[in-house]
Amino acid sequence: MRLPDPFGTPPPEDALETRATGPTVLWETSADKDNARDASEFLGMYKKKKNADRIIDDLIAGDLTTFKAKDILRAARLPPQPLDNAHVQVAMQLIAAGIPLTPVYLLRGKLKGGVPVVIADGYHRISAAFWTNPSVDVSAYIARP
């Protein structure tokens with residue numbers, strides 16, 4: 001599905017209705033070990049391995065919460081990944097089939113210091129959820145870095 005150019009001709013009314021009432025995005029209710037490992041490896045670019053592992057352990061030990069897909073992307077200062085991204089396409093297929101996605105891993109930013117949220121794992125799942133409906137809830141583990 002391609003979003004309309006916000007500066008171009010408005011899309012037909014039925015296109016907006018279809019997008020707003022797209023499939024429901026389901027989320028698993030527990031952490032995934034593979035995604036936790038991926039998040040730790042990603043954070044290893046910012047922190048020493050033991051610190052990255054500690055952050056991920058803190059994330060998983062915390063409560064699962066939800067944020068709107070559009071708000072996560074705004075807080076991270078990232079655009080959604082494009083629909084033709086292979087990982088986004090797989091997540092979109094899972095959504096269409098009614099298969100729950102695994103939660104995402106986030107590190108809190110600092111509003112006062114202008115530090116954005118870090119998506120440690122799940123950027124493609126957030127993007128797929130956004131393309132389904134920008135206001136859809138995304139299940140996330142979030143902690144301080």
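Residue Leu111 is not grouped with residue Leu78 when hydrophobic side chains (ILVMFWY) are merged at heavy-atom distances under 4.5 angstrom, including chains of intermediate members. Phe42 is not connected to Val115 by any chain of hydrophobic side-chain contacts under 4.5 Å among Ile, Leu, Val, Met, Phe, Trp and Tyr, and they are in different clusters. Note on Ile60: it does not cluster hydrophobically with Val138, by side-chain heavy-atom contacts below 4.5 Å among ILVMFWY residues. Transitive grouping of hydrophobic side chains (ILVMFWY, heavy atoms separated by less than 4.5 Å) brings Leu106 and Val136 into a common cluster.
You'll find the side chain of Ile72 reaches within 4.5 Å of the side chain of Ile119, heavy atoms only. Side-chain contact between Pro134 and Lys68 is absent, with no heavy-atom pair separated by less than 4.5 Å. Within the 4.5 Å cutoff, the side chain of Ile55 has heavy atoms near those of the Leu107 side chain. Ile126 places a side-chain heavy atom less than 4.5 Å from the side chain of Leu73. The closest side-chain heavy-atom distance from Lys70 to Ser135 is below 4.5 Å. At least one side-chain heavy atom of Leu64 sits less than 4.5 Å from a side-chain heavy atom of Tyr141. In this structure, Val104 and Phe67 have side chains that are not in contact, with every pair of non-hydrogen atoms separated by 4.5 Å or more. At least one side-chain heavy atom of Thr132 sits less than 4.5 Å from a side-chain heavy atom of Met92.
We find the OG1-CG distance between Thr66 and Asp137 to be 4.0 Å, quoted to the nearest 0.5 Å. The structure places NZ of Lys33 at 14.5 Å from OG1 of Thr102, a figure rounded to the nearest 0.5 Å. Separation of atoms CG (Asp121) and CG (Asp32) is listed at 8.5 Å; rounding is to 0.5 Å. Rounding to the nearest 0.5 Å gives a distance of 15.5 Å between NZ of Lys48 and CG of Leu43. Note that the OG atom of Ser139 and the CZ atom of Arg125 stand 10.5 Å from one another [nearest 0.5 Å]. Residue Arg108 holds its CZ atom at 4.0 Å from CD1 of Ile142, rounded to the nearest 0.5 Å.
Among all heavy-atom pairs drawn from Pro103 and Asn35, the shortest one is O-ND2, 4.4 Å. Nearest heavy atom pair, residue Pro116 against residue Ala76, reads CB-O, 3.8 Å. Considering all non-hydrogen atoms of both residues, Ile95 and Pro23 come closest at CG2-CG, 3.9 Å. Between Ala52 and Ser40, the shortest heavy-atom distance links the atoms CB-O, 3.6 Å. Taking each heavy atom of Tyr105 and Ala31 in turn, the nearest pair found is OH-CB, 3.4 Å. Taking every heavy atom of both residues into account, Ala129 and Trp27 meet most closely at CB-CZ2, 4.1 Å.
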Side-chain polar contacts of residues 81-88 - donor-acceptor pairs under 3.5 angstrom, sequence neighbours left out - could you list them?
unit_1, atom_1, unit_2, atom_2, d
Asn85, OD1, His87, N, 2.7
Asn85, OD1, Val88, N, 3.1

Residues Leu101, Leu26; criterion side chain to side chain contact (heavy atoms under 4.5 Å, CB included); working and verdict: CA-CA 6 Å; Leu101 303 177; Leu26 303 174; over 6 Å; no
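Considering only residues two or more places apart in sequence or on other chains, Gln93 meets the side-chain contact (heavy atoms from CB on, under 4.5 Å) condition with none of them. Among residues two or more places apart in sequence or in another chain, the ring pair (Phe, Tyr, Trp, His ring centres under 6.0 Å) test is passed with Tyr123 by none.
Using a cut-off of 4.0 Å between Lys/Arg side-chain N and Asp/Glu carboxylate O, Arg37 and Asp34 are scored as salt-bridged. Look at Lys50 and Asp53 and you find no salt bridge, because none of the NZ, NE, NH1 or NH2 atoms lies under 4.0 Å from a carboxylate O.
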